[in-house]
Amino acid sequence: MVFGLGRKAKKDQAAEADGLSAGAETAEEAVDSSGPRSNGPFDESEISSRDGYVDLGALLVTPSEGLQLRLEVEEATQRVVAVTLDLNGSSLQLQAFAAPKSEGLWDEIREQIGQSVGVQGGQVEEIDGIFGSELVAKLPAGLPDGSQGYRVARFIGVDGPRWFLRGVLGGAAALERTAAEPLEALFRQVVVIRGDSPMPPRDLLQLRLPKDATTTPPPGSPALQEPERGPEITQIG
């Protein structure tokens with residue numbers, strides 16, 4: 001698994017995208033099978049240990065063979081605003097937000113994403129996916145030969161206790177279910193660390209680089225490298 005750091009040009013720029021561990025298995029066992037998130041993603045209260053996860057602050061992510069992690073950094077503030085999981089040529093961007101106790105955010109956010117995509121000249125389709133209602137967005141994009149085409153992104157969202165987790169699938173995973181399955185499995189195993197501090201709804205939960213990540217690690221450890229800049233995707237807030 002490889003770690004990398006990405007950059008964001010300015011504060012209001014759109015967020016970017018284009019075998020499970022024993023800790024993750026423990027999460028599944030800890031949740032009532034009748035609950036709305038019985039198969040994940042999970043709240044920190046629903047796991048018994050953080051062992052076996054990559055600790056990114058507000059998110060715990062399950063390691064996987066060939067997985068690369070890119071932390072997207074807001075240039076103006078140097079704040080980490082998203083983590084992107086790259087696997088088998090596809091990507092999954094993750095962002096976690098504070099949410100109200102009494103209601104979720106996903107219904108409202110889907111509408112907002114649709115409006116944003118429309119303003120950019122794109123199209124959006126709401127579909128029924130494995131996480132409930134999802135959005136497939138097609139955004140205009142220039143092709144290498146100079147012609148005009150589309151870039152496709154699939155938005156998934158899950159409302160948890162006082163948090164909302166959004167995923168954006170890019171590459172083949174945006175359209176092909178087979179290609180999406182490994183990243184969907186990783187999304188299910190994500191654990192959200194909301195914390196007890198009061199936060200306005202839609203505020204980003206704080207992410208950070210794992211404490212043991214280094215630029216030249218010993219064999220078998222994650223490496224830190226500068227990735228290429230990813231395509232732009234809309235951000236809520």
Side-chain angles (χ1 to χ4, degrees), residues 1-18 66-97 106 108-131 133-157 165-184 186-187 202 204 207 223-237:
M1 182 168 58
V2 180
F3 291 101
L5 287 177
R7 297 287 175 184
K8 294 183 67 62
K10 55 186 179 180
K11 184 174 182 180
D12 60 350
Q13 186 172 5
E16 299 171 347
D18 218 41
L67 178 65
Q68 298 185 12
L69 298 179
R70 290 185 285 117
L71 298 181
E72 308 295 346
V73 179
E74 186 176 81
E75 187 170 326
T77 64
Q78 295 300 297
R79 179 180 63 157
V80 179
V81 295
V83 57
T84 298
L85 282 56
D86 293 316
L87 184 65
N88 301 329
S90 294
S91 63
L92 170 63
Q93 184 201 71
L94 298 173
Q95 288 182 301
F97 302 85
W106 186 217
E108 181 181 350
I109 288 170
R110 287 201 312 278
E111 181 178 355
Q112 179 182 338
I113 291 172
Q115 294 172 351
S116 177
V117 171
V119 168
Q120 298 176 61
Q123 303 172 359
V124 65
E125 177 186 4
E126 184 162 330
I127 63 173
D128 187 20
I130 63 172
F131 298 101
S133 296
E134 303 176 355
L135 291 180
V136 176
K138 294 183 178 181
L139 293 168
L143 300 179
D145 62 3
S147 62
Q148 187 71 15
Y150 286 92
R151 177 167 48 85
V152 182
R154 177 177 152 216
F155 291 80
I156 54 181
L165 179 65
R166 192 192 72 173
V168 185
L169 289 159
L175 288 173
E176 301 174 14
R177 289 294 177 174
T178 300
E181 285 177 358
L183 289 171
E184 290 172 345
L186 290 172
F187 186 80
R202 295 174 173 248
L204 275 167
L207 296 167
L224 179 64
Q225 65 179 23
E226 190 76 18
E228 295 181 359
R229 182 184 178 87
E232 297 177 1
I233 298 296
T234 187
Q235 177 178 342
I236 75 168

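Numbering starts at 1 and runs along the sequence shown.
Between N88 and P182, the shortest heavy-atom distance links the atoms ND2-CG, 4.3 Å. Across all non-hydrogen atoms, the minimal contact from F131 to E184 is CZ-O, 3.7 Å. In terms of heavy-atom proximity, A174 sits nearest to R154 at O-CB, 3.7 Å. The two residues Q148 and A141 have their closest heavy-atom pair at NE2-N, 3.3 Å. Here the closest non-hydrogen pair linking A172 and S90 is N-OG, 3.4 Å. The two residues Q95 and L204 come nearest to each other via the heavy atoms NE2-CD2, 4.0 Å.
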task = Begin from the C-alpha positions of L94 and L207 and carry the test side chain to side chain contact (heavy atoms under 4.5 Å, CB included) through to its verdict.
result = CA-CA 10 Å; L94 298 173; L207 296 167; over 6 Å; no
ask   = Would Q123 and V117 count as a side chain to side chain contact (heavy atoms under 4.5 Å, CB included) if you check the C-alpha gap in whole Å, the side-chain angles of each, and the deciding distance to 0.1 Å?
value = CA-CA 6 Å; Q123 303 172 359; V117 171; 5.7 Å; no
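For the atom pair CD of Q112 and CG of L135, the computed distance is 11.5 Å after rounding to the nearest 0.5 Å. From E126, atom CD reaches atom CD1 of I113 across 10.5 Å, with rounding to the nearest 0.5 Å. Note that OG of S91 is 9.0 Å distant from CG of L85, once rounded to the nearest 0.5 Å. The CD1 atom of I156 sits 4.0 Å away from atom CZ of F187, with the distance rounded to the nearest 0.5 Å. Rounding to the nearest 0.5 Å places CD of E108 at 4.5 Å from CZ of R202. With rounding to the nearest 0.5 Å, the separation of CD in E134 from CD1 in I127 is 5.0 Å.
Of the possible polar contacts, none joining the Q120 side chain to the P140 backbone as a donor-acceptor pair under 3.5 Å is found.
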